[in-house]
Every structure is written in structure tokens, then in C-alpha cells.
Amino acid sequence: MNHLRTSSSLRRSALHMASSLALAASALFGGSAWADTQFHASVNTAAWAGQTGWLDFQFLPGLGSAPAAQVRISNLSGSFGSEFFLEGQAAGSLASGFVLGNGTAFNDLFHAIQLGGSFSFDLSFSGDVFNTPGQAGTSFSLGLLAGDQQSYLGNPNGALFQIELTPALDAGGSASTSLSLLGGNTIATVSAVPEPESYALMLAGLAGIGLLARRQRSK
């Protein structure tokens with residue numbers, strides 16, 4: 001009976017510690033920490049080898065007043081051409097990366113590529129959208145086009161994928177990001193990259209489990 005009471009007590013202690021860790025993490029990192037802000041994307045263009053094409057990066061605010069947001073496009077890899085066009089709140093280069101803001105209605109990077117290989121890049125979102133309530137969000141999308149700059153590849157109806165940045169509706173809410181692969185395409189792969197806060201929470205949880213295990217062995 002004593003052994004059963006001890007095990008029950010340890011389980012209650014474990015639950016209490018897990019709850020405390022979750023509350024502490026929430027207080028430390030805030031609601032926006034749960035919105036993914038970093039992504040890695042890749043596009044396989046092997047089906048169109050030998051042709052030229054374009055990658056179209058768009059960052060568009062929704063209708064109404066959208067909180068300020070920006071996306072940094074970095075670590076671009078693949079057979080990019082030398083020609084590109086920037087429109088709206090957009091700046092940068094292939095070597096240093098590009099930054100798109102949502103300060104105008106249409107913000108765009110249109111970059112020439114040589115089709116046939118794989119292209120990859122990192123996306124990092126930031127701005128007031130993650131800590132300021134608002135009624136309108138901002139949408140990032142990537143399209144793959146043929147050399148005529150008009151025909152979409154991978155998804156004949158438009159973009160390959162879209163990431164929506166949605167601000168909190170009020171001061172007590174949380175911002176969010178949502179990823180959608182479009183048109184049933186199979187050439188784009190996109191995944192969220194855990195942020196340092198997520199790793200810190202995981203490490204705190206592992207440390208708590210280790211502490212409980214040591215306490216159990218000592219009894």
C-alpha cells in the first residue's frame with residue numbers, strides 16, 4: 001500500500017510540474033510565440049527541364065487596415081537567373097536576400113529561373129501583426145510560371161502554396177499563421193521551422209522529466 005501511495009504522489013507531482021512548465025512558458029513567451037514565423041520551402045521543377053521560368057513571391061495585405069508585417073526571403077538556392085523585378089514595398093538581392101513588406105496593396109518579387117532542378121529558400125515573418133490586434137491579415141504566396149510569364153506550372157490555377165498571417169482580434173487574443181498547399185500540387189514542400197522559444201520549452205520539459213525520474217529512483 002505504501003508503494004501505491006508513493007507512485008500516486010509521484011504522478012500528481014509530475015502533472016503539477018508539467019502544468020507549471022506550460023504556464024511559465026506561456027507567461028514568458030506570450031501568445032504570439034505559438035504562431036509559426038519561420039518556414040523552409042522547396043520547389044522541384046524537374047518536370048520542365050530545359051525551359052526557363054519565373055518564381056513569383058507575393059505579400060499582400062487583406063482588405064482594411066492590416067497591421068504592419070514583413071517577410072524576409074533568404075538562403076535562396078537553385079538555378080536563379082540574373083533578371084528580377086521588384087514592385088511595391090520590396091527590396092534586396094539574391095546574395096543578401098529579399099524583404100517584402102505589406103505597406104502597399106501589391107508587394108512582389110518576380111525572379112527568373114532555369115527550370116529543371118530544385119529551388120529552396122527560408123521565410124521569416126515579423127512585424128506588428130504578431131502583437132497588434134487588427135481586422136485584416138496579410139497573405140504570402142509563391143507561384144511558378146513558365147517563360148511566357150503568364151502560364152502557371154504545378155498548379156494551373158495559380159500559386160503553389162500560401163501562408164496567411166492573421167492578427168489577434170482583440171488585446172487578449174493571439175496571432176496565428178496558417179499554411180495551405182494549393183491546387184493539389186506535389187512539387188512544393190513547406191515546413192515550419194521551430195523557433196528558439198519552442199526548443200527552450202522542450203528542454204524545460206525534458207529537464208522536468210529527468211528530475212522526476214531521479215526523485216523516483218531515490219525513493
Side-chain angles (χ1 to χ4, degrees), residues 32 35-45 48 51-62 65-132 134 136-150 152-155 158-167 175 177-182 187-196:
S32 64
D36 292 317
T37 60
Q38 299 186 51
F39 295 81
H40 179 74
S42 62
V43 179
N44 184 352
T45 68
W48 303 278
Q51 303 178 42
T52 58
W54 297 82
L55 283 176
D56 187 19
F57 303 78
Q58 295 188 11
F59 197 50
L60 310 180
S65 180
Q70 68 176 26
V71 57
R72 178 172 179 78
I73 308 165
S74 61
N75 300 321
L76 294 102
S77 175
S79 185
F80 284 88
S82 59
E83 190 175 13
F84 65 87
F85 302 97
L86 297 171
E87 188 171 347
Q89 192 175 3
S93 67
L94 193 62
S96 63
F98 297 90
V99 176
L100 305 181
N102 67 343
T104 66
F106 186 76
N107 310 284
D108 183 75
L109 162 63
F110 199 63
H111 210 301
I113 59 173
Q114 180 64 45
L115 297 168
S118 180
F119 295 83
S120 64
F121 51 88
D122 294 327
L123 300 171
S124 179
F125 296 97
S126 61
D128 292 344
V129 64
F130 293 109
N131 50 44
T132 302
T138 298
S139 174
F140 173 88
S141 64
L142 177 77
L144 175 65
L145 290 88
D148 62 6
Q149 301 185 9
Q150 297 182 18
Y152 282 99
L153 305 176
N155 174 17
L160 297 175
F161 69 88
Q162 181 173 285
I163 299 175
E164 292 282 351
L165 280 61
T166 304
T177 53
S178 60
L179 165 66
S180 301
L181 294 178
L182 305 175
I187 65 171
T189 302
V190 189
S191 58
V193 178
E195 299 182 68

Can you see which heavy atom on [X] is nearest to which on [Y], and at what distance?
X: Leu109; Y: Ile73; result: CD2-CD1, 4.3 Å
X: Pro61; Y: Ala66; result: CB-CB, 4.0 Å
X: Pro167; Y: Thr132; result: CB-O, 3.6 Å

[atom1]-[atom2] distance between [X] and [Y], expressed to the nearest 0.5 angstrom:
X: Gln70; Y: Ser124; atom1: CD; atom2: OG; value: 8.5 Å
X: Ser77; Y: Leu94; atom1: OG; atom2: CG; value: 9.5 Å
X: Phe59; Y: Asp108; atom1: CZ; atom2: CG; value: 12.5 Å
X: Leu182; Y: Leu160; atom1: CG; atom2: CG; value: 8.0 Å

With sequence neighbours excluded, residues passing side chain to side chain contact (heavy atoms under 4.5 Å, CB included) with Ala146: Asp148, Ser151, Leu153
Which residues share a side chain to side chain contact (heavy atoms under 4.5 Å, CB included) with Ala91, sequence neighbours left out: none
With Phe125, which of Thr177, Leu165, Asp36 fulfils side-chain contact (heavy atoms from CB on, under 4.5 Å)? Leu165
So, do [X] and [Y] sit near enough that their side-chain heavy atoms are less than 4.5 Å apart?
X: Leu55; Y: Leu142; result: yes
X: Phe161; Y: Asn155; result: no
X: Phe84; Y: Phe57; result: no

Could you list the donor-acceptor pairs under 3.5 angstrom formed between side-chain atoms of residues 96-105 and any protein atom two or more places apart in sequence or on another chain?
residue	atom	partner	partner atom	Å
Ser96	OG	Ser93	OG	2.8
Asn102	OD1	Ala69	N	2.9
Asn102	ND2	Pro67	O	3.0
Asn102	ND2	Thr138	OG1	2.9
Thr104	OG1	Phe106	O	3.2
Thr104	OG1	Asn107	OD1	2.5

Can you give me every donor-acceptor pair (side chain of residues 110-123, partner residue at least two apart or in another chain, under 3.5 Å) with its distance?
residue	atom	partner	partner atom	Å
Gln114	NE2	Gln51	O	3.0
Asp122	OD1	His40	ND1	2.7
Asp122	OD2	Asn75	ND2	2.7

Report the residues that fulfil side-chain hydrogen bond (donor to acceptor under 3.5 Å, both in side chains) with Gln58, sequence neighbours left out, ordered by chain and then residue number. Asp56
Do any pairs count as a side-chain hydrogen bond (donor to acceptor under 3.5 Å, both in side chains) and have a residue in residues 78-90, sequence neighbours left out, and if so which ones? none
